[in-house]
Amino acid sequence: MAFLQPSDLDAILLSFKVACSATLLATPLGIGISYLLVHTKIPGKTLIEGIINLPLVLPPVVVGYLLLLLFGRKGFIGSWLSHLDIQIIFTLTGAIIASAVVGFPLLVRSIRLGMESVDSSYREAARTLGASGWDAFFTITLPLSGRAVFAGMTLMFARSLGEFGATIILAGNIPGVTQTIPLAIYEYTSTPGGDKMALSLCLVSILLSFLVLLANSLANKSIKRK
Amino acid sequence: MQLDIHVEKRQGEFDFQANFHLDGNRIGLFGPSGSGKSTLMHLLAGLRKPDSGSICLNDTVLFDSASKVNLPPDKRRVGVVFQHSHLFPHMSVRKNLFYGLKRTPERERQIDADAIIEVLNLEPLLDRGVNLLSGGERQRVALGRTVLTCPRLILMDEPLTGLDEDLKFQIIPYLTRVFSQFNIPLVFISHSLVEMRLMTEQVLLVEEGCVEKSMTSEALAQKIWGASRQGYANLITLGRPRAHGDLWAYTWGEQELILTECGENEENVFELDAREILLFKRHPEATSARNLLPCTVRKMFTVGNRVRLELGSGSETLIAQIVPESVRELEIEEGREVVAVIKASAFSRLL
């Protein structure tokens with residue numbers, strides 16, 4: 001990989017770190033929220049759904065700015081965290097949070113569809129065989145929607161790899177700390193003579209996205225075959 | 001088993017009501033589709049909640065709207081075998097089979113897994129995936145899975161519907177063997193009269209969301225004969241046959257029956273249509289039919305232009321169907337002696 005700079009490798013590694021952490025952290029929450037939306041009769045479902053799906057339609061910059069208001073030093077969560085000496089903005093944690101929020105609707109959407117497609121009679125059969133509601137969820141519903149969970153994770157992973165708007169606002173563009181692939185490309189294109197380097201990172205980005213989409217379509221295929 | 005049900009359930013336009021008390025071990029729920037049989041099953045298993053009323057099984061209150069008792073399905077110990085078996089597709093046959101057993105408290109486990117695997121002949125299936133099983137195999141696994149939880153009661157919801165005729169009669173012996181060997185009370189839901197007569201002793205009629213009355217499965221068969229144009233099938237259980245030339249001879253009460261079909265089991269069930277029985281006033285001199293049975297007319301019952309005769313032959317009973325004109329000509333009345341003539345090929349083997 002002679003055409004890549006050492007700082008590019010940092011950016012690629014960082015992108016992976018951010019996308020993996022965001023996806024892994026969001027998955028249990030995504031499963032929980034999907035369960036609430038599919039299997040319970042809680043009031044205000046539409047509202048919850050709306051809030052979760054908002055990042056899907058809002059410009060990522062807006063999401064980033066709202067997060068900045070929330071996590072900034074004087075923000076609702078930020079001021080509370082600063083007492084504990086924890087800083088979110090301009091850190092890796094910030095980049096992860098930004099990616100997680102933006103990718104979350106894709107994850108929930110996929111898991112939810114998967115759970116809805118599991119025939120409820122399997123759960124009923126499990127209940128009559130002595131499984132409690134939770135037991136039936138973890139041994140029947142969740143494994144049977146496993147592929148949908150995986151498909152959602154790959155989608156979210158891909159989205160996180162490409163996250164730009166929210167990340168640059170919440171976490172900034174600090175090489176080696178928060179500079180992921182899209183941010184590095186942005187910096188190259190705004191420096192004179194950086195075109196070639198931007199292009200090589202673009203190629204890496206295309207390759208990675210393609211691999212993730214491949215994994216996603218494999219998962220989708222096996223869902224259909226079932 | 002004692003079952004006490006007084007419930008009401010409204011589902012959209014459909015009103016379901018049941019008020020009955022049952023005492024027996026093999027109970028059928030009989031009725032056309034959409035009559036509420038499955039609703040009753042779901043209410044019993046706890047998969048749906050009645051609007052009001054109470055359900056008691058033996059000494060346990062499963063549901064009572066007055067005292068706000070509603071045991072969840074996993075605490076009821078009421079097993080269900082569904083029409084489409086609902087085997088878990090992500091597990092092997094073995095895992096499916098032991099799913100319920102693992103969740104059954106140690107002190108309740110009274111049935112040996114190896115015994116049930118043997119009775120249902122599941123050994124060769126154990127390591128297969130469930131998606132490769134045939135319909136009959138699926139139902140055997142589903143039954144095994146439910147029996148292993150040692151339930152207080154097993155509900156079977158049309159377990160044979162969707163299987164072809166041959167397969168159906170291959171499965172029934174497995175079912176009867178399981179229920180007699182492990183002594184588990186059964187509620188059998190079906191709209192098939194033959195299945196009812198083979199599997200149950202007592203039948204509850206379900207019609208338009210209302211559980212009507214209970215009767216013996218035999219009485220049900222007779223009632224249906226009266227109400228529709230359907231024929232009546234005598235179900236005759238015979239032991240092992242002896243060779244009789246190129247035919248087979250069976251002992252039936254104090255008499256002998258000659259059949260074309262050879263039963264391979266210790267117990268074989270044959271079907272004989274009531275219309276296949278010819279009646280003669282006296283013993284005919286010679287006939288091509290192989291079975292000539294002296295009988296006494298015990299009961300007569302006329303519907304339109306059909307007459308149903310209950311014939312006593314020794315300790316056994318046969319139902320024959322003739323027309324009123326024959327009744328007049330043969331001067332048939334209750335207590336009269338006649339000879340029933342049946343061809344050897346008129347019997348068809350069910351089990």
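Residue numbers begin at 1 in each chain, while the letters A, B, ... track the order of the sequences.
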Is it true that atom [atom1] of [X] has more than 12 heavy atoms of other residues, nucleotides or ligands lying nearer than 6.0 Å?
| X | atom1 | result |
| --- | --- | --- |
| Y65(A) | OH | no |
| E118(B) | CD | no |
| K17(A) | NZ | no |
| F14(B) | CZ | yes |
| Y35(A) | OH | yes |

- Which atoms form the tightest heavy-atom contact between L144(A) and P89(B), and what is the distance?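 Heavy atoms of L144(A) and P89(B) come nearest at CD2-CG, 3.6 Å.
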- Nearest heavy-atom neighbours spanning A136(A) and Y99(B):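 Taking every non-hydrogen atom into account, CA-OH, 4.2 Å.
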Do the side chains of [Y] and [X] get nearer than 4.5 Å, heavy atoms only?
| X | Y | answer |
| --- | --- | --- |
| E124(A) | P73(B) | no |
| P143(A) | F88(B) | no |
| M91(B) | I140(A) | yes |

Which region of [X], side chain (C-beta onward) or backbone (N, CA, C, O), has a non-hydrogen atom less than 4.5 Å from a non-hydrogen atom of chain A, or is it both or neither?
| X | answer |
| --- | --- |
| L148(B) | neither |
| T146(B) | both |
| H42(B) | side chain |

- Message: side-chain contact (heavy atoms from CB on, under 4.5 Å) for T128(A) and V78(B)? Distances and angles first, verdict last.
- Response: CA-CA 7 Å; T128(A) 64; V78(B) 171; over 6 Å; no
- Message: Let's test your reading of the structure: which of L101(B), L87(B), N131(B) forms the most heavy-atom pairs below 4.5 Å with chain A?
- Response: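 Highest number of heavy-atom pairs under 4.5 Å: L87(B).
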- Task: Could you tell me which of R145(B), R103(B), R77(B) has the largest number of non-hydrogen atom pairs under 4.5 Å with chain A?
- Result: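 Option with the top pair count is R103(B).
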- Can any side-chain N or O of H90(B) pair as donor or acceptor with the backbone N or O of T139(A) at less than 3.5 Å?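 Indeed, once roles are kept as given, a pair shorter than 3.5 Å links the two residues.
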